[in-house]
There are 2 protein chains.
Amino acid sequence: MKTRDKILLASLELFNGRGERNITTNHIAAHLAISPGNLYYHFRNKSDIIYEIFLEYEKLVDFYLDIPEERPISLEDLTFYLESVFDGLWSYRFFHRDLEYLLDSDRRLRQDYREFTNRCLDAISRIFEKLADAGIIQPQPDELRSAMSLNVWLVITNWMAFLKTAHALEESTSLTLTELKQGIYQVLTLEIPYLTESYREQVMALREKYRPRLPESVEMTGSAGG
Amino acid sequence: MKTRDKILLASLELFNGRGERNITTNHIAAHLAISPGNLYYHFRNKSDIIYEIFLEYEKLVDFYLDIPEERPISLEDLTFYLESVFDGLWSYRFFHRDLEYLLDSDRRLRQDYREFTNRCLDAISRIFEKLADAGIIQPQPDELRSAMSLNVWLVITNWMAFLKTAHALEESTSLTLTELKQGIYQVLTLEIPYLTESYREQVMALREKYRPRLPESVEMTGSAGG
DNA sequence: CTATTATTAGAGTATATACTCTAGTGAGTC
DNA sequence: GACTCACTAGAGTATATACTCTAATAATAG
């Protein structure tokens, strides 16, 4: 593998593991056992590394969220969309963590991310539309559909932060992909009231699959013995 | 005003304005025209400053979210809760921005914040319960109510980040409290399907008040002509 | 006044951070 | 062998960051 690609891969790994803020270019170089100079031969600066990683992320999500225009969508499609989006979120999880700082430091990234967000919101909205076409949910007026799409987006993008901050586990215990996907449970919760009678049971069963196994994950001051 | 309080106030102001990550203790001291040594006489380190600011924030929100046990709650109460929570979020808006890093750097803060989150979730859940008691929304089974409360929390705490990142405006144009409160529109969107017939119109009218005035705020690549 | 305590200034420090500069190496080409 | 060119090493640098130290000043108590 080319050094350039190794740098991108190692950066992503380190960023995901310890947060972009805690990882310096020297860390990345040391992790790969290359010199800082070598790293800076391949990338002008840290921002450029992050930007390229974002482009990968963007490409991945855009690929997943390519909603077919002709054919109707099914419950399987919905499952695929949700699973894929959370997979993407997991693979590039450092990104949303320091999002505001990253966007403040890089104009290109800021602009691209804004467009990316809007594409995602459109995709979510189209999914709602097609779910209604397929008779899975009741059709909604445009305005409600956009507001709901936005709520879905907020839940999806904030789910990981919630887990990491409100989680009962200590910092050492890292998150698992399974826990992350409990976000799907939350997203499906948003759709419950709009389900049609004919699909209600199926969707509720799907949702049940993602239900948090250990309720203690959001446990409070609760009994220590638990 | 005592130097100690001035430090807390200036820190909050600077953190809110430019992000905790971009503000050093030296910045804070310079802003107040005091010496770094003076600052460190009053606070052991930067974390301690942040921790004390969090305690204020916590106190404020706990005060607002003190749900009365005896009397039923009204729509006015709901409005008050929403307005207050977003006011709090606004006043301490730096906090959620760098949340993960802050919690990673300070165990006390991590623990306290976790409990704080759980108290908030409980409060939201109790509000739902009492809204149902008051006949404003339909009663929900416990499990659905917790999942919905969590969604409300996710929307509330992520709303600001969304505005700052997806906003069409440039970085220089700062957020206004009015824009922030459009988050109330999003929260009320979550409740729409559960409204009772007798209150539907009133709540929809309330929601309308917070509707984003300029739809361009979430505008996409849309027609340049506007 | 004297002694004590709270507060402040301001220079200083160890470390980190993002990044630069010079000097190469090794594979291929003519 | 001379030359190019992608790639790499490693020491070095300017600046920033969080924080410390010493000494001085203001406030207060006896």
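Below, chains carry the letters A, B, ... as their sequence lines are ordered, and counting in each starts from 1.
- Taking the six-membered ring for Trp and the full ring otherwise, B/Y57 and B/F95 have centroids separated by under 6.0 Å.
- If you check every strand for non-hydrogen atoms under 4.0 Å, B/A33 touches sugar and phosphate atoms only.
- The pair B/D104-A/R97 meets the salt-bridge criterion, since a charged nitrogen lies less than 4.0 angstrom from a carboxylate oxygen.
- A/E191 has no carboxylate O lying under 4.0 Å from a charged side-chain N of A/R207, or vice versa, which leaves the two without a salt bridge.
- Looking at B/E208 and B/R211, a side-chain N of the basic residue comes within less than 4.0 Å of a carboxylate O on the acidic one, giving a salt bridge.
- No salt bridge links A/K2 with A/D5; every basic N to acidic carboxylate O contact stays at or beyond 4.0 Å.
- Contacts of residues 2-15 of chain B with DNA chain C (heavy atom under 4.0 Å): B/T3.
- For the segment residues 20-27 of chain B, the set of residues with a heavy atom within less than 4.0 Å of an atom of DNA chain D comprises B/T24, B/T25, B/N26, in numerical order.
- Each of B/L55, B/L109, B/L121, B/D62 was scored for a side chain to side chain contact (heavy atoms under 4.5 Å, CB included) with B/F116, with one residue passing: B/D62.
- A salt bridge does not link B/D112 with B/R107: none of the charged nitrogens is closer than 4.0 Å to a carboxylate oxygen.
- Residues from residues 37-46 of chain A with heavy atoms under 4.0 angstrom of DNA chain D, sorted by number: A/G37, A/N38, A/Y41, A/H42.
- A/D66 has no carboxylate O lying under 4.0 Å from a charged side-chain N of A/R119, or vice versa, which leaves the two without a salt bridge.
- Interface limits on DNA chain C: the 5'-most and 3'-most nucleotides within less than 4.0 Å of chain B heavy atoms are C/dA6 to C/dG10.
- With A/N22 contributing its side chain and A/R18 its backbone, the two residues share a donor-acceptor pair below 3.5 Å.
- By the salt bridge (charged side-chain N to carboxylate O under 4.0 Å, His left out) test, B/K181 pairs with B/E83, B/D87, sequence neighbours left out.
- Among residue pairs with one or both ends in residues 1-47 of chain B, those qualifying as ring pair (Phe, Tyr, Trp, His ring centres under 6.0 Å) are B/F15-B/F94; sequence neighbours excluded.
- With rounding to the nearest 0.5 angstrom, the CG atom of A/L154 is 6.5 Å from the CH2 atom of B/W159.
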>> Please evaluate residues B/E115 and B/Q111 with respect to the criterion side chain to side chain donor-acceptor pair (under 3.5 Å), reporting the C-alpha separation (whole Å), side-chain torsions for both, the decisive distance (0.1 Å), and the verdict.
In response: CA-CA 6 Å; B/E115 289 165 11; B/Q111 176 65 24; 2.6 Å; yes

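- Residue A/S35 places no side-chain N or O under 4.0 Å from the OP1 or OP2 atom of D/dG10.
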